[in-house]
Every structure is written in structure tokens, then in C-alpha cells.
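Sequence lines set the chain letters: A, B, ... in the order given, protein chains first and strands last, and positions in each chain run from 1.
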Protein chains: 2
Amino acid sequence: MGITIKDVAKQAGVAASTVSRVISNNPRISEATKKRVRKAMKDLGYHPNIHARSLANKSTQAIGVVLPSSDKALQNPFFPEVLRGISGIAHEQDYSIYISTGITEEEIYEGVKRMVHGNRVDGVVLLYSRVNDRLHDYLIENNFPFVVIGKPYHQIDAITHIDNDNITAAKTITNYLIDLGHERIGFIGGDRDLVVTLDRMQGYHLALEEANLPVKEEYHIHEEFLKSGGQEAVHKLMSLTEPPTGVVIVDDLMAFGVITMLDEFGLKVPDDISIVSFNNIYLSQLTMPPLTTVDIHIYELGVQATKCLIEKVKNKLEPAKRIIVPYTIIERNSAVDKK
Amino acid sequence: MGITIKDVAKQAGVAASTVSRVISNNPRISEATKKRVRKAMKDLGYHPNIHARSLANKSTQAIGVVLPSSDKALQNPFFPEVLRGISGIAHEQDYSIYISTGITEEEIYEGVKRMVHGNRVDGVVLLYSRVNDRLHDYLIENNFPFVVIGKPYHQIDAITHIDNDNITAAKTITNYLIDLGHERIGFIGGDRDLVVTLDRMQGYHLALEEANLPVKEEYHIHEEFLKSGGQEAVHKLMSLTEPPTGVVIVDDLMAFGVITMLDEFGLKVPDDISIVSFNNIYLSQLTMPPLTTVDIHIYELGVQATKCLIEKVKNKLEPAKRIIVPYTIIERNSAVDKK
DNA sequence: GTGAAAGCGCTAACAC
DNA sequence: GTGTTAGCGCTTTCAC
């Protein structure tokens with residue numbers, strides 16, 4: 001089952017290599033034969049076999065996308081949204097996308113190894129950055145093209161990465177709350193292993209310090225990104241004798257969970273407590289109240305990452321880059337003046 | 001860069017073919033040499049090159065996943081969620097996942113052609129079913145293994161598909177509204193080209209007819225699945241002189257849009273109008289109010305589809321199947337008694 | 001139980 | 001400008 005390059009060659013009355021050259025649009029082939037060969041390809045319904053091609057020239061036209069280890073990473077709209085950006089560019093440049101998932105860290109590590117050694121993909125984009133991530137070391141050691149979305153914890157100058165300025169962003173959004181008159185401001189973070197959590201926390205601290213507001217340990221909660229985590233967090237926070245009047249949450253999805261939970265306590269956002277968060281996933285405008293959040297331009301992160309990766313794939317010597325995608329504060333109705 | 005089967009062979013003091021047999025766990029190889037070869041593989045850090053393998057035996061260990069043509073299909077949590085199901089099983093069975101997107105119907109058609117003829121994948125799963133979809137014909141003509149999530153419009157007995165009983169589900173959820181005392185019930189559907197829209201609409205009609213309720217054309221609106229569509233729909237519907245008191249919406253995400261829009265009109269769900277919808281995406285419980293919706297077990301759709309596909313890939317003669325994943329009505333707070 | 005050799009479909013020297 | 005040839009890394013007869 002398959003029309004091969006030989007069939008096309010025969011049909012067009014040329015050698016297989018000529019057909020190959022036509023495919024790669026080699027300038028040394030005359031327009032006349034190009035036309036003839038193309039016609040033959042079309043008539044026969046020829047499609048090149050990528051495996052043969054990859055075997056011969058050691059390049060797949062594919063990039064690997066690595067999701068964080070979890071069985072539900074895809075539940076956070078952040079990932080589908082970066083994926084959209086990635087697949088937009090990949091498609092445009094005729095690259096296919098391989099997705100690699102795994103529910104344990106070990107599984108995803110193995111998956112990447114298979115991708116790399118098995119020559120499945122030309123490069124990979126990591127959709128997250130973990131503290132001391134051995135994947136980074138592994139990819140560097142193997143001199144395999146990759147980019148990370150987020151900020152690498154080590155070797156930051158050696159790794160091309162696309163990130164937001166999460167420290168400043170967090171500082172800005174915290175200041176937003178401070179300017180509204182809030183003095184007791186909580187923080188609900190995600191996985192402490194993720195660099196993004198650390199950065200946003202740092203920005204939050206910076207803002208408090210500059211405003212001479214106390215950084216209280218008990219206002220400070222870490223859980224997973226998803227809903228259930230958010231709910232636990234709220235429970236702890238609101239049981240305090242002096243609960244915060246405003247809270248910075250690292251992720252919109254988590255913020256939804258928090259709002260719902262508060263509702264169960266009879267607390268309304270923003271009347272009883274103000275909330276700001278991050279990401280501006282498309283749902284943030286649909287909730288009640290719509291969220292005041294930091295738009296980090298997720299789609300753009302995917303686009304830039306993919307562009308960089310493809311550059312790097314095409315030219316291994318391409319220097320490591322850092323691209324900071326600007327953020328935008330989206331003011332909606334989840335945070336108000338402290339009364 | 002690359003340890004090949006020859007390196008392993010040399011290291012283990014055997015021929016390449018022996019190594020190959022060890023990889024495929026051929027019973028004719030003695031346990032002793034197996035052990036020796038495996039050790040060599042491990043010591044050398046050997047990983048098979050899939051392209052070479054695919055070339056030689058015409059099988060990739062990969063399945064293709066086809067999203068509907070759109071630049072934002074991934075925005076609807078339905079797709080990431082099926083993808084989770086798919087990747088769970090695929091991973092378990094050591095298949096990789098290729099995703100194919102495209103923003104026009106033509107692009108995705110071409111993408112599938114490349115997958116099929118280029119021998120990129122062993123089979124594909126289509127995540128939607130469109131009326132008169134030429135992809136179905138194409139795949140059948142080429143005798144290429146595929147399954148569809150949803151109900152094929154034609155050749156239904158020749159195509160393995162995983163679906164819900166959307167007609168009955170829609171009828172049931174409409175009856176739910178009727179039992180609550182609603183008599184003026186609207187319907188907001190998605191793309192009319194999608195079989196799922198048609199089925200759910202039919203169920204809605206059936207319920208109205210059985211209850212001797214009039215099927216009014218003006219209660220009946222079609223738009224795209226996403227937010228903007230939902231908003232337009234509401235605008236039309238609520239401008240009626242006798243607006244509905246309840247409405248059936250084919251998609252949770254669309255329902256969110258509707259709720260928000262109603263809010264802008266000063267109408268509250270469920271006090272002023274009741275809403276029921278479909279899918280039970282994880283956000284349906286987080287909105288205010290939480291949605292009464294039909295849980296169609298999206299994850300399970302992905303799981304079943306992938307299992308069927310892999311069976312079919314392994315055995316081309318596997319008969320066409322239909323698997324109906326049961327639905328569950330999730331009662332929450334978006335629909336109440338008509339007062 | 002294991003080795004030798006041919007070949008999967010393509011590309012990339014090297015010829016001319 | 002185009003043909004010839006030798007692999008790419010693996011699987012799979014066919015020998016022994």
C-alpha cells in the first residue's frame with residue numbers, strides 16, 4: 001500500500017533522486033522536469049514516507065511537546081491554550097506535533113528519552129519549569145534542541161526560554177490590591193517546585209515589603225493548581241482570627257475554586273474579600289464576578305516558544321535566547337476598595 | 001549521536017538480528033542471550049529508532065488525533081478532556097500521539113492525508129462527526145483504521161464509533177425542565193453541521209412533542225459552540241415577547257456565555273430563567289450557579305475510542321463497533337421550578 | 001537458537 | 001541538470 005518515489009520517477013521518466021530533488025525544491029532542477037514530476041506526483045497521489053525520509057536525513061519534521069507530569073494537566077486551560085499557539089506556528093511551518101504525557105515524573109522523563117534517542121522529534125518544548133529539573137540537564141547533555149516556557153532554575157543563560165516577568169507582574173498586581181486600601185493580603189500559590197510559583201511569590205513579597213506591610217506566614221498558602229487544592233487553601237486561610245481582606249492567587253482556575261469555596265462560607269467576592277489572579281484564561285470573564293487578573297498572553301508564549309525552537313532546530317548554533325512576553329493587568333470585578 | 005542495534009550486537013557478541021529478536025521478545029532466543037543483550041542495551045543506553053523500525057515493518061507506534069477545523073477548538077474543555085482519555089490509554093499501550101490541527105476544513109483534510117499516506121500513524125481518531133464528512137469516505141476508501149467520537153452521518157454500520165445516546169439524553173434533560181413545570185422551553189444549539197447538534201435537537205423535539213408542547217421556531221437558536229455565539233443567541237431569544245422560561249443548551253461552555261449575557265440583561269439564573277446543558281466539564285460546578293447538566297463522560301469517550309482504535313490497528317479485520325457511553329444527569333442549581 | 005543478507009523508501013554524495 | 005549508488009537502522013526471510 002503505497003506509491004513510492006520510484007513509481008513517481010518511472011511515471012515521470014526520471015531517476016528517483018530527481019524526484020527527491022523536486023520535493024526539496026532543489027534549484028538545479030529545470031522548471032520543465034519539476035513540472036513533469038509534480039504532475040506525476042499528483043496523478044499518482046504520492047505522499048512521501050516520513051520514516052524513510054527521517055531515516056535518510058536524520059530529521060523528522062516534528063516537535064515534541066512536554067506537559068507536566070500529572071494525569072490532569074490538560075484540565076487547566078493554560079495548557080490547551082499554549083498548545084494552540086504552538087500548533088499554529090508548527091502547522092504554518094509544516095511541523096507536526098507529538099505530545100508526550102505521563103502521570104509520574106519518571107514516566108515523562110522516559111518519554112522524553114524515547115523522543116530524543118528514538119529520533120522521534122527534532123526538538124522539544126517544555127511547557128513548565130521545575131526547580132532542579134533533570135530534564136533540562138538531560139537535554140543539555142545530549143545537545144538536543146529545546147526551549148522552555150517559564151524560567152529555568154539553573155543554567156538560565158544556556159537555555160532558551162520564553163517567560164513573563166512574573167516577579168514584576170506579581171508585584172504590580174499586589175500593589176493593585178494595596179492601592180485599593182488592602183493591608184491584610186494573602187497569597188495562594190501552586191506547586192512550590194514550579195519556578196513560576198516562586199517568582200510570583202517573590203513579587204508579592206516585594207510589594208508588601210515596599211509598602212511596609214507585614215509578610216505573615218499564615219497568609220501564605222501553597223497547594224496544587226487545581227480546584228481541590230484551592231478549596232483546601234481557602235479553608236485554612238479564612239479560619240484565621242484576622243483573615244485577609246484581599247488575596248493574590250497564582251492561577252485563575254484556582255481562583256474559581258476559591259470563589260466557590262468562599263461562597264460556601266457565605267463570603268462574597270468582591271464584597272467580603274477581594275481577589276486577583278493570573279493567566280486570564282478565557283473563562284475569567286465568564287465567572288461571577290469576572291476576575292481581575294494578569295493576562296500573561298498564553299497563546300503568545302506558545303507562538304514565541306515554537307518560533308525559537310524551530311530556529312534552533314534549523315541551526316544548532318543559534319544562541320540561547322530569553323524572550324519576555326509582556327503582561328497586561330485586566331481589571332474586572334473581583335477586587336474592590338477595602339471599605 | 002546514536003547507539004544502534006549494531007553497537008548493541010557487538011557489545012553483546014551477537015548478530016544484529018538477534019538483538020532485534022530480543023527486542024520483540026522472540027521466544028526462540030535463549031534466556032541467556034536475552035539477558036546478555038538486555039544488559040548491553042542498558043549499558044549502552046540504547047533506544048530503538050522508530051523511523052527505521054517503521055520503515056522496516058510498516059508500523060509506527062503512533063495514533064493520530066484529529067480536532068475539528070478551528071483555531072480554537074482546544075478552548076472548549078471537551079477536547080482536552082477527550083485527549084486526556086486518549087493519551088491515558090495510548091501511553092499505557094506504548095503508543096505515541098500525533099495531533100493534527102488546522103483552521104480550515106481543507107487543511108485538516110490535507111493533514112489527515114499526510115498522516116495516512118505518509119505512514120505517520122497506524123490509525124486515527126476523529127474527535128467529532130460532521131454531516132457528510134468526506135474524511136469518513138476518504139478513510140474508508142483507503143481502508144485505514146479509524147474510529148470516530150460521535151455518530152457518523154452515513155455508513156454508520158461500517159464505522160466504529162463511540163458516542164452517547166444524545167437523542168435520549170436530550171429528551172431526558174428536556175423532560176427534566178418539563179417536569180419542573182416549564183412550558184416555554186428554548187434550545188440553543190451549536191454548529192448545525194455537527195451530528196451531535198442534530199441529535200440533541202431531535203431529543204429536545206421529541207420531549208416537547210410527547211408533552212404536547214409546541215415546538216416554536218423562534219425558541220430555537222443555532223450558533224457556534226463558543227462564548228460569543230452563546231451571547232448572540234441569548235440576545236435574540238430574550239427579545240421575544242414571550243421569552244422561554246427554560247432553555248436547553250448543547251454545551252456547558254456556551255451555557256456560561258449565556259449566563260453572563262443574561263446577567264447583563266438583569267436576568268438571573270435560575271430565578272428568572274432555568275438552564276440545563278451538556279458535557280459536565282469540570283467548570284460546570286464552579287460557576288454561579290453551578291450547572292445542571294448531562295455528564296457525557298468525556299474522558300471515557302476518549303478511553304473507549306482509543307481501545308477500539310488500537311484493536312483495529314492490530315487486527316484490520318476487527319469488525320466495526322458502536323459503543324454507547326452512558327450519560328448521567330447531574331442536578332445542580334441552574335434549573336428550578338417554574339413559579 | 002543464531003547469523004547473513006536483502007530490503008523498507010528516501011536522501012546525499014559523487015559522477016558525468 | 002540528472003543519473004547512480006551507497007547507506008540511514010531496523011526487521012525478516014532463509015540458511016545452518
Side-chain angles (χ1 to χ4, degrees), chain A residues 1-38 40-41 44-62 94 114-122 314, chain B residues 1-38 40-41 44-62 94 114-122 314:
Chain A
M1 156 185 176
I3 306 294
T4 79
I5 207 171
K6 285 188 183 171
D7 301 321
V8 177
K10 191 173 293 174
Q11 170 96 353
V14 297
S17 51
T18 301
V19 177
S20 175
R21 290 188 185 105
V22 172
I23 291 171
S24 56
N25 205 10
N26 186 318
R28 288 149 60 137
I29 301 291
S30 71
E31 276 310 318
T33 38
K34 272 190 187 171
K35 205 158 277 174
R36 205 147 35 88
V37 170
R38 293 220 176 90
M41 296 199 298
L44 264 40
Y46 170 75
H47 285 262
N49 179 319
I50 4 145
H51 300 296
R53 183 207 290 261
S54 302
L55 229 209
N57 70 4
K58 303 189 127 312
S59 115
T60 76
Q61 280 268 109
D94 261 320
R114 273 205 308 269
M115 279 192 171
V116 172
H117 280 111
N119 248 283
R120 260 164 230 255
V121 297
D122 293 339
K314 290 189 172 157
Chain B
M1 158 187 173
I3 307 293
T4 78
I5 206 170
K6 284 187 183 171
D7 301 323
V8 177
K10 193 173 292 174
Q11 171 95 353
V14 297
S17 49
T18 301
V19 177
S20 175
R21 287 193 257 262
V22 172
I23 291 171
S24 56
N25 206 11
N26 187 318
R28 288 148 60 136
I29 302 291
S30 71
E31 276 309 318
T33 38
K34 272 190 186 169
K35 206 159 273 175
R36 203 146 35 88
V37 170
R38 293 221 176 89
M41 297 199 296
L44 264 40
Y46 169 76
H47 285 262
N49 179 319
I50 2 145
H51 301 296
R53 183 205 291 260
S54 301
L55 230 210
N57 70 5
K58 303 190 126 311
S59 115
T60 75
Q61 281 268 109
D94 260 319
R114 275 206 305 272
M115 280 192 172
V116 172
H117 280 111
N119 248 285
R120 259 165 230 256
V121 296
D122 292 340
K314 291 190 171 155

Please write out each protein N/O paired with an N/O of nucleotides 4-6 of chain C under 3.5 Å, distance rounded to 0.1 Å.
from: C:dA4; atom 1: N6; to: B:Ser17; atom 2: OG; distance (Å): 3.2

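- Classified by interplanar angle (parallel below 30°, tilted 30° to 60°, perpendicular above 60°), the ring pair A:His117/B:His47 is parallel.
- Computed from coordinates, the A:Lys6 NZ to C:dG7 P distance equals 9 Å when rounded to whole Å.
- Mapped onto DNA chain C by nearest heavy atom, B:Asn26 and A:Ser20 fall at different nucleotides, with B:Asn26 at the one closer to the 5' end.
- Proximity of a side-chain donor or acceptor of B:Ser24 to a complementary backbone N or O of B:Ser20 within less than 3.5 Å is detected.
- Looking at heavy-atom distances under 4.0 Å, B:Arg28 makes contact with a base.
- For the OP1/OP2 pair of D:dT2 and a distance below 4.0 Å, the side-chain nitrogens and oxygens of A:Ser30 include at least one atom meeting the criterion.
- Separation of atoms CD1 (A:Ile50) and OG (B:Ser54) is listed at 8.0 Å; rounding is to 0.5 Å.
- Within 4.0 Å of A:Val14, counting heavy atoms only, lie sugar-phosphate atoms of the nucleic acid but no base atom.
- Here the side chain of A:Leu55 is nearest to one of D:dT12, D:dG9, C:dC10, namely D:dG9.
- Residue A:Lys58 has a polar side-chain atom (N or O) positioned under 4.0 Å from OP1 or OP2 of D:dG9.
- The number of heavy atoms from other shown groups lying within 6.0 Å of NZ (B:Lys10) does not exceed 12.
- The phosphate of C:dG3 (OP1 or OP2) has a side-chain N or O of B:Thr18 nearer than 4.0 angstrom.
- Among D:dG3, C:dT2, C:dT11, the nucleotide with an atom closest to any side-chain atom of B:Ile29 is C:dT2.
- Heavy-atom nearest nucleotides on DNA chain C were determined for B:Thr33 and for B:Ala52, and the one closer to the 5' end corresponds to B:Thr33.
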